[in-house]
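First the structure, in the form of structure tokens, and then the observations on it.
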Amino acid sequence: MELRQLRYFVTLSQELHFGRAAAREHIVQSALSQQVQRLERELGVRLLERSTHHVALTAAGAVFLAEARQILAHVDRAARAARNAVGPSPTLRVGIIDSSYDSMPQILHEVQARYPDLVIHQIEASVPEQYQQLADGRLDVGIGRAALAPPQVASHLFRRDPLGVLVPPGHPFAELDGIPAATLAQEPLLLAEEVQAPEFNQFTVEMCRAAGFTPTVYEGTVESIRAAADLVAQGRCLYCVPSSCISALPATIWRPLTEPASYYPWSVLWRASDGSDHVQAIVACARTMSKRLGWLVTTDQMAD
């Protein structure tokens, strides 16, 4: 008798349908049927009543099912105990700003492929919150603009992300290939909640001032990029966002800023005193991915 036979029998007892049970076990229906028949021969009892349109447990099958479930549960507990004896799986607590941004998910996907046993917890937090949680040990790694990072937080710049503007369909800017920064002077611009993203608001305001104007700030506020996109889609305001989140924002149109082009700096953040292998693996993956995807190369540099 094999454990897989027990598992197939339990699954079949739950589904009472050979096709569905085979699909759950990722095997062909004929193989599932053969294994159950073999189990019955080894036991010397009939576990199932079968017909073309009907599968049901026999009295012996119902008794065997209860015991089979206990056996499989004991095996699972034994496996967990063996793994725990070696030590718990390593964990990494990673801060992300908003699930719409794609940089950190791409980095974590690569890290997870290298370290399949690593358990990664993604924690959504603003950059100021990430600074605090990195400093007090609640986070291992973060992501954001490092300009305001405290001394105990180390950083590595890995992406210069083209900044652009979200506009609603039908807006005159939607017909442009790029939007000169100075043309935003007459448009209401949405900013993030100041406590949520002071570094991004500061970057946006500095960009406007460099173009020769102080932005007209839309009075409302939002706490997520998707909520900002909803306001833009309604035609209430425009919103400056980096290119790394545009694939997650339906019902709006993104156009890059030009004259001059602007790039938002993304850095990996970590506790300066933390030299652990998995933290350094995040940093190394960010560096490697940045080079492979050209994340630090700007359009100005490409034109040179």
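Any value given below was found using the heavy atoms of this structure, including those in side chains, with hydrogens, waters and symmetry copies removed.
Between the side chains of Gln29 and Ser33, no donor N or O sits under 3.5 Å from an acceptor N or O. Side-chain atoms of Gln122 and Arg93 form no donor-acceptor pair, as typed in the model, at a separation below 3.5 Å. No side-chain donor from either of Glu49 and Thr58 sits under 3.5 Å from a side-chain acceptor of the other.
For Arg7 and Glu2, the salt-bridge test fails: no basic side-chain N is under 4.0 Å from an acidic carboxylate O. The pair Arg292-Glu110 meets the salt-bridge criterion, since a charged nitrogen lies less than 4.0 angstrom from a carboxylate oxygen.
Surrounding CD of Gln234 are more than 12 heavy atoms belonging to other residues, nucleotides or ligands, all under 6.0 Å away. By the neighbour-count criterion of 12 heavy atoms within 6.0 Å, atom NE2 of His121 is densely surrounded, having more than that number from other residues, nucleotides or ligands. Residue-environment remark: CZ (Arg236) stays at or below the threshold of 12 foreign heavy atoms within 6.0 Å. Around the CD atom of Glu194, the shell of radius 6.0 Å holds more than 12 heavy atoms that belong to other residues, nucleotides or ligands.
Residues Ile97 and Val195 fall into different hydrophobic clusters, defined by Ile, Leu, Val, Met, Phe, Trp and Tyr side chains chained together at heavy-atom separations under 4.5 Å. Clustering ILVMFWY residues whenever any of their side-chain heavy atoms sit less than 4.5 angstrom apart, transitively, puts Phe18 in a cluster other than the one holding Val28. In the hydrophobic clustering of this structure, Leu57 groups with Ile71; members are Ile, Leu, Val, Met, Phe, Trp, Tyr whose side-chain heavy atoms approach within less than 4.5 Å, directly or through other members. In the hydrophobic cluster analysis, where Ile, Leu, Val, Met, Phe, Trp and Tyr join through side-chain heavy atoms closer than 4.5 angstrom, Leu269 is grouped together with Leu148. Note: the hydrophobic cluster containing Leu3 also contains Leu12 (ILVMFWY, side chain heavy atoms under 4.5 Å, direct or indirect links).
You'll find the side chain of Leu39 stays beyond 4.5 Å of the side chain of Tyr8, heavy atoms only. Between Leu163 and Val241 there is no side-chain heavy-atom pair separated by less than 4.5 Å. Between Val268 and Trp270, some side-chain heavy-atom pair lies under the 4.5 Å cut-off. You'll find the side chain of Leu48 reaches within 4.5 Å of the side chain of Val36, heavy atoms only. Using a 4.5 Å cut-off on side-chain heavy atoms (C-beta onward), Arg271 and Val153 make no contact. Proximity of Tyr264 to Arg159: side-chain heavy atoms (C-beta onward) are nowhere separated by under 4.5 Å. Side-chain contact between Leu157 and Leu296: present, with at least one pair of heavy atoms (C-beta onward) separated by less than 4.5 Å. Under the 4.5 Å side-chain criterion, counting only non-hydrogen atoms from C-beta, Gln112 is in contact with Leu118.
Scanning both residues, Pro180 and Glu259, for their nearest heavy atoms gives CB-OE1, 3.8 Å. Taking every heavy atom of both residues into account, Pro250 and Arg226 meet most closely at CD-NH1, 3.8 Å. What you find for Ser243 and Asp161 is that their closest heavy atoms are OG-OD1, 2.6 Å. Residues Leu47 and Leu43 share a closest heavy-atom pair of CD1-CD1, 3.9 Å. When all heavy atoms of Leu139 and Gly95 are compared, the closest pair comes out as CD2-N, 3.7 Å. Across all their heavy atoms, Ala22 and Leu32 have their closest contact at N-CD2, 3.6 Å.
Considering only residues two or more places apart in sequence or on other chains, Asp277 meets the side-chain contact (heavy atoms from CB on, under 4.5 Å) condition with none of them.
The line from CG of Leu257 to CE of Met207 is 5.0 Å long, rounded to the nearest 0.5 Å. With rounding to the nearest 0.5 angstrom, the CD1 atom of Ile27 is 7.0 Å from the CD atom of Gln35. In this structure, CD1 in Ile120 is found 5.5 Å from CD1 in Ile282, a value given to the nearest 0.5 Å. Trp266 contributes atom CH2, which lies 14.0 Å from atom OG of Ser290 (distance to the nearest 0.5 angstrom). Asp98 CG to Gln196 CD: the interatomic distance, rounded to the nearest 0.5 Å, is 9.5 Å. Between the OG1 atom of Thr221 and the CG atom of Leu190 there is a distance of 8.0 Å, given to the nearest 0.5 Å.
Ring geometry for Trp295 versus Phe158: interplanar angle of 30 to 60°, hence tilted. Relative orientation of the Tyr239 and Phe200 rings is tilted, given thresholds of 30° and 60° on the angle between their planes.
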**Report entry** Derivation and outcome, side-chain contact (heavy atoms from CB on, under 4.5 Å), residues Tyr218 and Leu191
**Finding:** CA-CA 7 Å; Tyr218 178 75; Leu191 297 181; over 6 Å; no
Query raised in the report: Can you list the steps and then say if Leu238 with His171 is a side-chain contact (heavy atoms from CB on, under 4.5 Å)?
Result: CA-CA 10 Å; Leu238 304 185; His171 192 285; 4.1 Å; yes
Report task. Take Glu42 and Arg38 through the side-chain contact (heavy atoms from CB on, under 4.5 Å) test and state the conclusion after the steps. Result -> CA-CA 6 Å; Glu42 291 175 353; Arg38 180 180 170 189; 3.2 Å; yes
Requested in this report: Decide yes or no on side-chain contact (heavy atoms from CB on, under 4.5 Å) for Ile96 and Tyr101, but give the supporting numbers first.
Outcome: CA-CA 9 Å; Ile96 60 172; Tyr101 289 116; over 6 Å; no
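Although no hydrogens or angles enter the test, the distance criterion places a donor-acceptor pair under 3.5 Å between the side chain of Asn201 and the main chain of Ala192. A donor-acceptor distance shorter than 3.5 angstrom exists from the side chain of His17 to the backbone of Arg20, with no hydrogens or angles considered.
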Acceptor/donor pairs from residues 123-137 side chains to any protein atom, 3.5 angstrom cut, sequence neighbours excluded:
residue: Ser126; atom: OG; partner: Glu129; partner atom: N; Å: 3.3
residue: Ser126; atom: OG; partner: Glu129; partner atom: OE1; Å: 3.3
residue: Glu129; atom: OE1; partner: Ser126; partner atom: N; Å: 2.9
residue: Gln130; atom: OE1; partner: Ile143; partner atom: N; Å: 2.8
residue: Gln130; atom: NE2; partner: Ala125; partner atom: O; Å: 3.1
residue: Gln130; atom: NE2; partner: Ile143; partner atom: O; Å: 3.3
residue: Tyr131; atom: OH; partner: Arg145; partner atom: O; Å: 2.7
residue: Tyr131; atom: OH; partner: Ala149; partner atom: N; Å: 3.4
residue: Asp136; atom: OD1; partner: Arg138; partner atom: N; Å: 3.2
residue: Asp136; atom: OD1; partner: Arg138; partner atom: NE; Å: 3.1
residue: Asp136; atom: OD2; partner: Arg138; partner atom: NE; Å: 3.0
residue: Asp136; atom: OD2; partner: Arg138; partner atom: NH2; Å: 2.9

